[in-house]
Amino acid sequence: QVQLVESGGGSVQAGGSLRLSCAAAGRTFSDYAMGWFRQAPEKEREFVAAIRMIGGSTYYANSVKDRFTISRDNAKNTMYLEMSRLTPEDTAVYFCALQVGFANVRPESEYDYWGQGTQVTVSS
């Protein structure tokens, strides 16, 4: 089994920044990807960003590209999401997810493990 633990959520004013972290513990894999999804109130969960832990290829939703940066520390099995120029539309619960192997990183159905989520609230 794999446990994913998110941290770093909180409240910030519009235009501000936050950094989310997701630490993976448990089984290890030779190749996997990690991603961030978010779910705003009364909306479906949506893809935010993802990174392949081998090679470091990154993927972003258009809504966050140029404002968010995803990165990883393989030695710590940890993924980060640096969020800047936040807007109230970024308010959501942010979930960390892990995908074993090599598949399309955008659909949530392609992920095998999920964290509990961390709340991000952006006030205007």
Side-chain angles (χ1 to χ4, degrees):
Q1 281 296 330
V2 173
Q3 295 79 43
L4 301 176
V5 179
E6 302 104 333
S7 61
S11 297
V12 65
Q13 288 192 328
S17 301
L18 279 175
R19 186 196 199 203
L20 304 182
S21 300
C22 175
R27 289 184 59 187
T28 58
F29 306 96
S30 60
D31 190 12
Y32 62 103
M34 295 185 75
W36 289 99
F37 289 76
R38 67 186 181 184
Q39 187 166 21
E42 301 182 357
K43 292 189 177 181
E44 294 188 354
R45 191 155 57 183
E46 64 175 2
F47 171 78
V48 176
I51 187 167
R52 298 206 183 276
M53 301 306 272
I54 304 300
S57 295
T58 57
Y59 309 82
Y60 295 93
N62 288 336
S63 59
V64 307
K65 198 172 183 179
D66 299 327
R67 297 189 300 122
F68 291 8
T69 301
I70 192 170
S71 61
R72 93 286 194 206
D73 184 334
N74 285 22
K76 296 181 179 179
N77 290 327
T78 300
M79 169 181 67
Y80 306 96
L81 187 68
E82 299 273 0
M83 305 185 293
S84 63
R85 290 183 282 143
L86 286 160
T87 73
E89 288 68 39
D90 295 314
T91 295
V93 177
Y94 283 70
F95 295 90
C96 164
L98 186 148
Q99 172 193 97
V100 178
F102 195 94
N104 189 341
V105 297
R106 297 179 185 273
E108 62 177 282
S109 60
E110 296 290 350
Y111 287 80
D112 302 284
Y113 302 96
W114 290 85
Q116 294 295 314
T118 185
Q119 177 71 46
V120 171
T121 302
V122 184
S123 57
S124 57

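- Under the rule for a salt bridge (charged side-chain N to carboxylate O under 4.0 Å, His left out), R106 has no partner lying at least two apart in sequence or in another chain.
- Residue pairs meeting the side chain to side chain donor-acceptor pair (under 3.5 Å) criterion with at least one member in residues 9-20, sequence neighbours excluded, are R19-E82.
- In this structure R85 satisfies the salt bridge (charged side-chain N to carboxylate O under 4.0 Å, His left out) test with no other residue, sequence neighbours excluded.
- Residue pairs meeting the disulfide bond (SG atoms under 2.5 Å apart) criterion with at least one partner in residues 20-118, sequence neighbours excluded, are C22-C96.
- The structure places OH of Y60 at 9.5 Å from CZ of F47, a figure rounded to the nearest 0.5 Å.
- Put simply, Y32 and L4 are part of the same group of oily side chains (I, L, V, M, F, W, Y) that touch within less than 4.5 Å, one to the next.
- A distance of 5.0 Å separates CE in M34 from CG in L98, rounded to the nearest 0.5 Å.
- Scanning all heavy atoms of the two residues, the minimum distance from M79 to G35 falls at CE-O, 3.4 Å.
- Annotation: side chain to side chain contact (heavy atoms under 4.5 Å, CB included) contacts of S7 (sequence neighbours excluded): S21.
- The side chain to side chain donor-acceptor pair (under 3.5 Å) contacts involving residues 110-124 comprise Q119-T121, where partners must be two or more places apart or lie in separate chains.
- K76 is linked by a side chain to side chain contact (heavy atoms under 4.5 Å, CB included) to D73, T78, Y80, counting only residues two or more places apart in sequence or in another chain.
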Between L20 and E6, does a side-chain contact (heavy atoms from CB on, under 4.5 Å) hold up when you go through it step by step?
CA-CA 7 Å; L20 304 182; E6 302 104 333; over 6 Å; no
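- Residues passing the side chain to side chain contact (heavy atoms under 4.5 Å, CB included) test with N62, sequence neighbours excluded: none.
- Residues R27 and V100 fail the side-chain proximity criterion, which asks for heavy atoms closer than 4.5 Å.
- Annotation: side chain of M83 is not in contact with side chain of D90 (no heavy-atom distance under 4.5 Å).
- Note: F95 CZ to W36 CH2 = 11.0 Å, rounded to the nearest 0.5 Å.
- Sorted by first then second residue, the side chain to side chain donor-acceptor pair (under 3.5 Å) pairs that include residues 40-58, not counting sequence neighbours, are R38-E46, R45-E108, R52-Y59.
- The minimum heavy-atom distance linking A33 with V105 is given by the pair CB-CG1, 4.1 Å.
- Residues L86 and L18 approach most closely at CD1-N, 3.9 Å, considering heavy atoms.
- Side chains of E89 and T91 form no contact here, defined as non-hydrogen atoms less than 4.5 Å apart.
- Not counting sequence neighbours, F68 has no partner by the ring-ring contact (aromatic ring centres under 6.0 Å, His included) test.
- Note on F37: it does not cluster hydrophobically with V120, by side-chain heavy-atom contacts below 4.5 Å among ILVMFWY residues.
- The hydrophobic cluster analysis finds F102 isolated: no Ile, Leu, Val, Met, Phe, Trp or Tyr side chain comes under 4.5 Å of it, directly or through other members.
- Residues forming a side chain to side chain contact (heavy atoms under 4.5 Å, CB included) with A25 (at least two apart in sequence, or on another chain): Q3.
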